[in-house]
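Notes follow the structure.
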Amino acid sequence: MNKPLLRPVESHLYKYASCNLDRLKPIVTRGELYFPTPIQLNDPAEAKPRLAKLPLEKIFSFLYDMFIINNPGLSSEVYQRTKAQIEHNVTRFGSLVLLKEMSRALHTELEALRIYSMSKRPDNMALWAKYADYHTGYCLEFSNSGLFAAAREVGYGDVVDFDPTDTEQINAYFLFQKTLDWQTEEEVRLVAPRGSEPIVQFGPNLLTRIIVGQRMPDAEINVIRKWSNLRSPKLSMVRAEYDAFEHKLNFIPFPTKN
């Protein structure tokens, strides 16, 4: 049985990124987030659940049920003829061939999802190195409310095979499963349905702070500060500086401009 999807309890959620001002500007100035598709993310297994090794009887039932769902209102003769064809092909090709074809079709369908990934804290050194380009990028802080209240935690461990014939698995649970290789990301994510628009609006109050890396060049910092001060409400901006004595990140506010 799948575990329930967990809503993060943290008051804020965090998005690490490299310093691409063209991508950052619409977020800060217009409240626009870009939701990438699974193929644009860095995990090659993203939205590609591994199918359970189903017996022929289950494969036949699933294929026939899907035909009925996708083709309502046909005559009983058509349904019976199709049922016989499916049964013949299941016996002819065997489970391995059919499971590979089912897997390909499922993965193709899931390519149209959109996923926005975040993390639970702003001082994850691995993420500052990986996604914020070795502290030259930034980390956005969002309030865990409004749009972001729909975010759910990613679970790490052994990935459960997906059985499309199991009614308890007909949900998005597999989109929130990753192997232990990814556990340092402490990810939470928003998942938009298939066919959703790539740009999603959010209320300006939900972006509460921008944390710039200690190696971000001054020229980029000055541009971001200008956007932050022109914004309504003004955006709090701090610099993440590594404390070599305490072995932690400190967040140092920038002087307030008059």
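Quick caveat, the model's predicted, so the values are computed rather than measured.
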Under the criterion side-chain contact (heavy atoms from CB on, under 4.5 Å), I'd like the reasoning laid out for Ile27 against Tyr34: C-alpha separation, chi angles, the key distance, then a yes or no.
CA-CA 9 Å; Ile27 299 174; Tyr34 175 75; over 6 Å; no
Please determine if Lys15 forms a cation-pi arrangement with Phe142, meaning its NZ or CZ atom is less than 6.0 Å from the six-membered ring centre and no more than 45° off the ring axis.
no
Heavy-atom side-chain contact between [X] and [Y] under 4.5 Å:
{"X": "Asn144", "Y": "His12", "answer": "no"}
{"X": "Trp227", "Y": "Leu21", "answer": "yes"}
{"X": "Thr82", "Y": "Leu74", "answer": "no"}
{"X": "Thr179", "Y": "Val159", "answer": "yes"}
{"X": "Phe93", "Y": "Ile59", "answer": "no"}
{"X": "Leu41", "Y": "Pro36", "answer": "yes"}
{"X": "Tyr116", "Y": "Met118", "answer": "yes"}
{"X": "Phe174", "Y": "Val160", "answer": "no"}

Is it the case that over 12 heavy atoms from other parts of the model lie below 6.0 angstrom from the [atom1] atom of [X]?
{"X": "Ile39", "atom1": "CD1", "answer": "no"}
{"X": "Arg23", "atom1": "CZ", "answer": "no"}
{"X": "Glu246", "atom1": "CD", "answer": "yes"}
{"X": "Asp158", "atom1": "CG", "answer": "no"}

Locate the shortest heavy-atom distance separating [X] from [Y]; write the atom from each residue and the value.
{"X": "Ser228", "Y": "Ile210", "result": "OG-CG2, 4.2 Å"}
{"X": "Pro38", "Y": "Glu111", "result": "CD-O, 3.6 Å"}
{"X": "Ser232", "Y": "Pro204", "result": "O-CB, 3.7 Å"}
{"X": "Phe251", "Y": "Pro122", "result": "CZ-O, 3.7 Å"}
{"X": "Cys19", "Y": "Glu220", "result": "SG-CG, 3.5 Å"}
{"X": "Ala240", "Y": "Ile211", "result": "CB-CG2, 3.7 Å"}

Would you mind writing out the side-chain donor-acceptor pairs for residues 43-53 within the sub-3.5 Å range, not counting sequence neighbours?
{"from": "Asp43", "atom 1": "OD1", "to": "Ala45", "atom 2": "N", "distance (Å)": "3.0"}
{"from": "Asp43", "atom 1": "OD2", "to": "Lys178", "atom 2": "NZ", "distance (Å)": "2.8"}
{"from": "Glu46", "atom 1": "OE1", "to": "Lys178", "atom 2": "NZ", "distance (Å)": "3.2"}
{"from": "Glu46", "atom 1": "OE1", "to": "Arg189", "atom 2": "NH2", "distance (Å)": "3.0"}
{"from": "Glu46", "atom 1": "OE2", "to": "Arg189", "atom 2": "NH1", "distance (Å)": "2.7"}
{"from": "Glu46", "atom 1": "OE2", "to": "Arg189", "atom 2": "NH2", "distance (Å)": "3.2"}
{"from": "Arg50", "atom 1": "NE", "to": "Asp161", "atom 2": "OD1", "distance (Å)": "2.6"}
{"from": "Arg50", "atom 1": "NH2", "to": "Asp161", "atom 2": "OD1", "distance (Å)": "2.8"}

Short side-chain to backbone donor-acceptor contact, Thr91 and Glu87, under 3.5 Å:
yes
Would you compute the distance between atom [atom1] of [X] and atom [atom2] of [Y] and round it to the nearest 0.5 angstrom?
{"X": "Ser18", "Y": "Lys130", "atom1": "OG", "atom2": "NZ", "value": "13.5 Å"}
{"X": "Leu206", "Y": "Gln201", "atom1": "CG", "atom2": "CD", "value": "11.5 Å"}
{"X": "Ile221", "Y": "Phe254", "atom1": "CD1", "atom2": "CZ", "value": "4.5 Å"}
{"X": "Leu63", "Y": "Thr165", "atom1": "CG", "atom2": "OG1", "value": "11.0 Å"}
{"X": "Tyr138", "Y": "Trp128", "atom1": "OH", "atom2": "CH2", "value": "10.5 Å"}
{"X": "Leu98", "Y": "Leu54", "atom1": "CG", "atom2": "CG", "value": "10.5 Å"}

Donor-acceptor pair between Thr37 and Gln40 side chains, under 3.5 angstrom
yes
Answer yes if the side chains of Asn124 and Tyr131 hold a donor-acceptor pair under 3.5 Å, and no otherwise.
no
Assess whether side-chain contact (heavy atoms from CB on, under 4.5 Å) is satisfied between Leu106 and Phe162, documenting all intermediate values.
CA-CA 11 Å; Leu106 176 62; Phe162 177 58; 3.8 Å; yes
With the 4.5 Å side-chain cut-off for hydrophobic clustering, are [X] and [Y] part of the same group?
{"X": "Tyr134", "Y": "Ile224", "answer": "no"}
{"X": "Ile199", "Y": "Leu190", "answer": "no"}
{"X": "Ile252", "Y": "Leu140", "answer": "no"}
{"X": "Leu230", "Y": "Val212", "answer": "no"}
{"X": "Val90", "Y": "Ile68", "answer": "yes"}

Residue list, side chain to side chain donor-acceptor pair (under 3.5 Å) with Asp123, at least two apart or on another chain
Arg121
Checking side-chain contact (heavy atoms from CB on, under 4.5 Å) against Leu235, which of Asn229, Thr208, Leu207, Thr29 comes through?
Leu207
How are the rings of Tyr64 and Phe60 set to each other: parallel, tilted or perpendicular (split at 30° and 60°)?
parallel
Could you walk me through whether Glu32 and Arg30 pass salt bridge (Lys or Arg N to Asp or Glu O under 4.0 Å), step by step?
CA-CA 6 Å; Glu32 295 178 354; Arg30 299 196 297 271; 3.4 Å; yes
Output field: ring centroids Tyr156/Trp182 closer than 6.0 Å:
no
Quickly, which of Glu186, Glu153, Glu185 forms a salt bridge (Lys or Arg N to Asp or Glu O under 4.0 Å) with Lys120? Name it, please.
Glu153
